[in-house]
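Have a look at the structure below before the remarks.
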Amino acid sequence: MCGRASLALDEDELTAYLQSVGVPAAPTRRRPRYNIPPQDDLLLFTELGDHRRESRMMRWGLVPFWAKDPSIGRKLSIARAETVATMPAFRSAFKKRRGLIVIDGFFEWHRDPDGSKTPMRIARPDNAPFTLAGLWETWGEGDKRLITCAIITTTPNDLMAPIHDRMPVILTGAAQDAWLDPTAKVGSLQDLLIPDPSDTLHAYEVSPLVNRSSNDGPECWFPV
DNA sequence: CCAGACGTTGTT
DNA sequence: GTCTGG
DNA sequence: CCAGACGTTGTT
DNA sequence: GTCTGG
């Protein structure tokens with residue numbers, strides 16, 4: 001699940017949001033994104049130490065530092081909260097390279113009993129940004145250097161349960177600080193990886209235009 | 001010892 | 001069925 | 001996540 | 001890098 005995200009808000013709104021969570025304004029130019037698939041770029045911020053935070057665009061699909069071939073990243077876009085701390089592909093990033101991924105919505109495909117799939121968008125009613133628990137890695141050197149990331153999924157909250165059996169981990173407020181804290185213990189980190197309790201999201205059906213990731217415009221958000 | 005995997009989803 | 005491209 | 005390809009020879 | 005399977 002959660003194989004698509006969005007981040008369409010304008011630079012001023014994004015800058016204001018980043019400042020509100022202690023991140024200097026993103027230096028890179030960014031265009032509105034309504035339909036972001038795996039292997040495309042997500043905006044992630046992390047804590048370097050002494051509470052300094054930094055944001056960057058990172059490719060979605062984690063390539064561990066030890067990978068011989070970066071194509072492994074295609075398989076590593078989602079980690080499960082239940083196993084992320086111990087999985088060989090994720091555990092070192094879980095210990096040392098946690099981050100928060102800024103989005104303003106994500107998509108889930110609801111499967112009906114007859115097998116048909118209905119795309120749904122999950123967002124705040126005002127499309128304000130929020131953050132997902134993420135992991136990141138650097139791989140390779142020079143021209144080959146890649147910076148990649150993955151999201152973490154958990155069980156659904158009341159909003160998501162009718163739609164799907166998994167949802168991304170959404171962190172707000174003190175949980176954001178706790179997730180980024182370099183000194184955090186595994187147990188306390190694990191306690192953060194729970195279904196979103198904030199009750200600030202809504203879900204609505206959107207057009208199947210979102211199925212095709214090359215459709216990256218507002219039509220992907222239109223309610224059906 | 002070396003070779004090969006390292007993930008999730010959903011469907012059967 | 002499985003992999004790659006988006 | 002979904003959509004689309006899944007092959008080779010030899011020609012432009 | 002580290003673990004599992006052979």
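Given the structure is predicted, the values throughout are model-derived calculations rather than measurements. Just so we're on the same page: letters track the sequence lines, and every chain starts at 1. Note: hydrogens, waters and symmetry copies are ignored here, and every other heavy atom, side chains too, is used.
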Got more than 12 heavy atoms from elsewhere within 6.0 Å of CG, A:Asp199?
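Open: at most 12 neighbouring heavy atoms sit under 6.0 Å from CG of A:Asp199.
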Is it true that, when you exclude A:His51 itself, more than 12 heavy atoms of the residues, nucleotides or ligands shown sit nearer than 6.0 Å to its NE2?
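No, not enclosed.
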For the residue pair [X] and [Y], establish whether any side-chain heavy-atom pair is separated by less than 4.5 Å.
{"X": "A:Trp60", "Y": "A:Asp40", "answer": "no"}
{"X": "A:Val63", "Y": "A:Leu76", "answer": "no"}
{"X": "A:Leu42", "Y": "A:Trp136", "answer": "no"}

d([atom1], [X]; [atom2], [N]) in whole Å:
{"X": "A:Ile72", "N": "B:dG7", "atom1": "CD1", "atom2": "P", "answer": "8 Å"}
{"X": "A:Met160", "N": "D:dC1", "atom1": "CE", "atom2": "P", "answer": "13 Å"}
{"X": "A:Lys75", "N": "B:dG7", "atom1": "NZ", "atom2": "C1'", "answer": "7 Å"}
{"X": "A:Trp66", "N": "B:dA5", "atom1": "CH2", "atom2": "P", "answer": "11 Å"}

Strictly below 4.0 Å, N to O, side chains only: are A:Asp177 and A:Arg53 in salt-bridge contact?
yes
Please determine if A:Asp104 and A:Arg121 form a salt bridge, counting it only when a charged side-chain N lies under 4.0 Å from a carboxylate O.
yes
Could you give the distance separating [M] and [N] at their [atom1] atoms, to the nearest angstrom?
{"N": "C:dC3", "M": "D:dT9", "atom1": "C1'", "answer": "24 Å"}
{"N": "B:dC6", "M": "C:dT2", "atom1": "P", "answer": "14 Å"}
{"N": "D:dC1", "M": "B:dT8", "atom1": "P", "answer": "12 Å"}
{"N": "D:dG7", "M": "C:dG5", "atom1": "P", "answer": "13 Å"}

DNA chain E contacts among residues 79-96 of chain A, heavy-atom distance under 4.0 Å
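Going residue by residue through residues 79-96 of chain A, the ones with a heavy atom under 4.0 Å of DNA chain E turn out to be A:Pro88, A:Arg91.
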Contacts to DNA chain E from residues 131-146 of chain A, heavy-atom cutoff under 4.0 Å, which residues?
none
Would you tabulate the pairs of protein nitrogen or oxygen atoms and nucleotide nitrogen or oxygen atoms of nucleotides 2-4 of chain D closer than 3.5 angstrom?
unit_1	atom_1	unit_2	atom_2	d
D:dC2	OP1	A:Lys117	NZ	3.3
D:dC2	O4'	A:Arg4	NH2	3.2
D:dA3	OP1	A:Asn211	ND2	3.3
D:dG4	OP1	A:Arg212	NH1	3.2
D:dG4	OP1	A:Arg212	NH2	2.8

Within residues 75-87 of chain A or reaching into it, pairs that qualify as side chain to side chain donor-acceptor pair (under 3.5 Å) - sequence neighbours excluded:
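Listed by first then second residue: A:Glu82-A:Arg166.
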Does A:Ser77 put a side-chain nitrogen or oxygen below 4.0 Å from OP1 or OP2 of B:dT8?
no
Reading DNA chain E 5' to 3', which nucleotide is the first, and which the last, to come under 4.0 Å of any heavy atom in chain A?
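Both ends considered, the range comes out as E:dG1 to E:dT2.
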Under the 3.5 Å Watson-Crick or G-U criterion, the dot-bracket string of DNA chain E, with | for inter-strand pairs
||||||
